[in-house]
Amino acid sequence: MTAISESVLIESKAARDDQLATVSHARAKEALSKAKALIHFAQVGSNEWATTEQIIEFYEVDDSVVRQNYKRHKDEFQSDNVETLRGKALRDARDILSQASKTSQVIVWTPRAALRLAMFLRDSEVAKAVRSALLDEVERAGQLDEQVQLQAMEIEKLRLQVELAIAEKDAAAAKQKLTNTRHLISSTNSPETAALILGIERIEVEKVVEHTVIQNERGRIIAQFDGAGITEIANRYGFPKGKKGNDQCRAWLASIGVTQDHWMEEPTAHVTKKLPRDLLQWVDEQWRSGKGMRQKGVGESVSLSLLPGKS
């Protein structure tokens, strides 16, 4: 709310409305009391009212001045809940307002309406004092509003700082997790194991697949063998290289239900046992779900599953 001069208050309805927009009846009484001993506003139900005679006495002006300004700016005063009491409403309030029984109607003023009247009375010294008190009150309220805004800005700044700190902490944790994952992947010698760690269904790697074909003397294919030997399988799941890793891999395969019947013998230069490649997908699933017993799974319970086509 911007502070303005008394002359603007007198000339501009918009300025009056702006200055009075947030002024309660209680604050209006404070401004009035700073200029002169407070008017006695009678409590009638939920309303506080003063009569026109009280208002005239307070501002020390002629009766006609108040009544003419009321008629000229009636719409403004009615917005501040000025009322004309008649009939039953007057009878109920007559004693409280000290009105004679012969009075047929009476105009009653709220504190804010009495405050608004001061903006029309150019020649009243009391009205000048009231306008000055109002402008001081408005300026003080504006300063308080500015302080509240500054405090709100500071609170918002602190909130953003907290959110930033939380985000930085989460980012650091995510970065550390990524570093740990990369280290785990780099420590394995099996691309397939890396794919399983990352949750990737398949990973494309360049590999040599041995496929044995047997032909008769006429060159016709009479048998084909497509399998993976123990060395390839051990490497596939990241077991150590060499005989020790192969033995560990065999033990794990046996723990998930791979028996000697599943191994096929290829008639190469020397007989080599291999698992059919169409069985490897099932073996991959067992590895991914942690089935069987292996060195990395100490404490895991043995889980034997029936292989496809086996009983």
Side-chain angles (χ1 to χ4, degrees), residues 1-86 89-90 93-100 102-145:
M1 186 179 293
T2 304
I4 58 176
S5 66
E6 290 186 37
S7 60
V8 174
L9 281 177
I10 293 172
E11 299 295 337
S12 172
K13 176 181 182 300
R16 292 190 291 271
D17 289 339
D18 181 60
Q19 298 302 309
L20 291 172
T22 59
V23 176
S24 64
H25 291 305
R27 286 179 59 191
K29 288 196 294 184
E30 289 179 12
L32 292 168
S33 65
K34 289 179 181 179
K36 188 179 178 180
L38 183 63
I39 305 171
H40 173 68
F41 287 92
Q43 188 75 40
V44 182
S46 60
N47 301 302
E48 289 184 281
W49 285 330
T51 63
T52 301
E53 288 72 18
Q54 289 176 285
I55 298 297
I56 292 170
E57 182 181 354
F58 178 80
Y59 281 114
E60 301 174 5
V61 293
D62 291 339
D63 176 282
S64 61
V65 173
V66 173
R67 297 189 186 281
Q68 286 173 3
N69 276 287
Y70 172 73
K71 290 180 181 179
R72 187 177 299 120
H73 305 287
K74 189 174 181 178
D75 60 330
E76 289 190 52
F77 290 116
Q78 287 181 339
S79 70
D80 292 325
N81 303 115
V82 171
E83 295 185 34
T84 300
L85 299 182
R86 300 183 180 87
L90 176 56
R94 189 186 301 277
D95 292 341
I96 299 174
L97 296 174
S98 302
Q99 295 297 300
K102 63 180 180 179
T103 304
S104 60
Q105 65 179 31
V106 61
I107 298 174
V108 288
W109 300 67
T110 61
R112 198 165 70 180
L115 183 63
R116 185 183 291 271
L117 179 61
M119 302 181 193
F120 300 113
L121 304 177
R122 296 175 182 270
D123 300 327
S124 169
E125 293 299 323
V126 176
K128 290 179 182 179
V130 170
R131 290 194 295 270
S132 178
L134 172 63
L135 292 175
D136 290 344
E137 177 70 15
V138 168
E139 182 178 359
R140 184 179 68 83
Q143 291 173 349
L144 291 175
D145 288 344

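These figures come from a predicted structure and were not determined experimentally. Nothing fancy with the numbering, it's 1 onward along the sequence.
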(message) Can you tell me how far apart CD (Glu125) and NZ (Lys36) are? Round to the nearest 0.5 Å.
(response) 12.0 Å
Please enumerate all residues that pass salt bridge (Lys or Arg N to Asp or Glu O under 4.0 Å) together with [X], with sequence neighbours excluded.
X	answer
Lys74	none
Glu30	none
Glu57	none

Would you call [X] and [Y] a side-chain contact if the rule is heavy atoms closer than 4.5 Å?
X	Y	answer
Leu134	Leu115	yes
Val130	Phe58	yes
Leu97	Leu85	yes

(message) Once ring-ring contact (aromatic ring centres under 6.0 Å, His included) is applied, what residue pairs with a partner in residues 103-123 remain, sequence neighbours excluded?
(response) Tyr70-Trp109, His73-Phe120, Phe77-Trp109, Phe77-Phe120
(request) Can you run down the ring-ring contact (aromatic ring centres under 6.0 Å, His included) pairs that involve residues 7-39, sequence neighbours left out, and say none if there aren't any? (result) none
(request) Give every residue pair that meets the salt bridge (charged side-chain N to carboxylate O under 4.0 Å, His left out) criterion with at least one member in residues 37-46, sequence neighbours excluded. (result) none
(request) Scan residues 37-50 for pairs that pass salt bridge (charged side-chain N to carboxylate O under 4.0 Å, His left out), counting only residues two or more places apart or in two chains. (result) Lys29-Glu48
(request) If a pair satisfies side-chain hydrogen bond (donor to acceptor under 3.5 Å, both in side chains) and one of its residues is in residues 110-123, list it, with sequence neighbours excluded. (result) Glu11-Arg122, Asp17-Arg116, Glu76-Arg116, Asp80-Arg112, Asp80-Arg116
(message) Quick check: closest heavy atoms across Ala118 and Tyr59, and the distance to 0.1 Å?
(response) CB-OH, 3.3 Å
(message) Which heavy atom of Val126 sits nearest to which heavy atom of Ala35, and what is that distance?
(response) O-CB, 4.0 Å
With [X], which residues qualify under side chain to side chain donor-acceptor pair (under 3.5 Å), at least two apart?
X	result
Gln105	Arg86
Lys34	none
Gln68	none

(message) Tell me every residue that passes side chain to side chain contact (heavy atoms under 4.5 Å, CB included) with Ser132, counting only those two or more places apart in sequence or in another chain.
(response) Glu6, Asp136
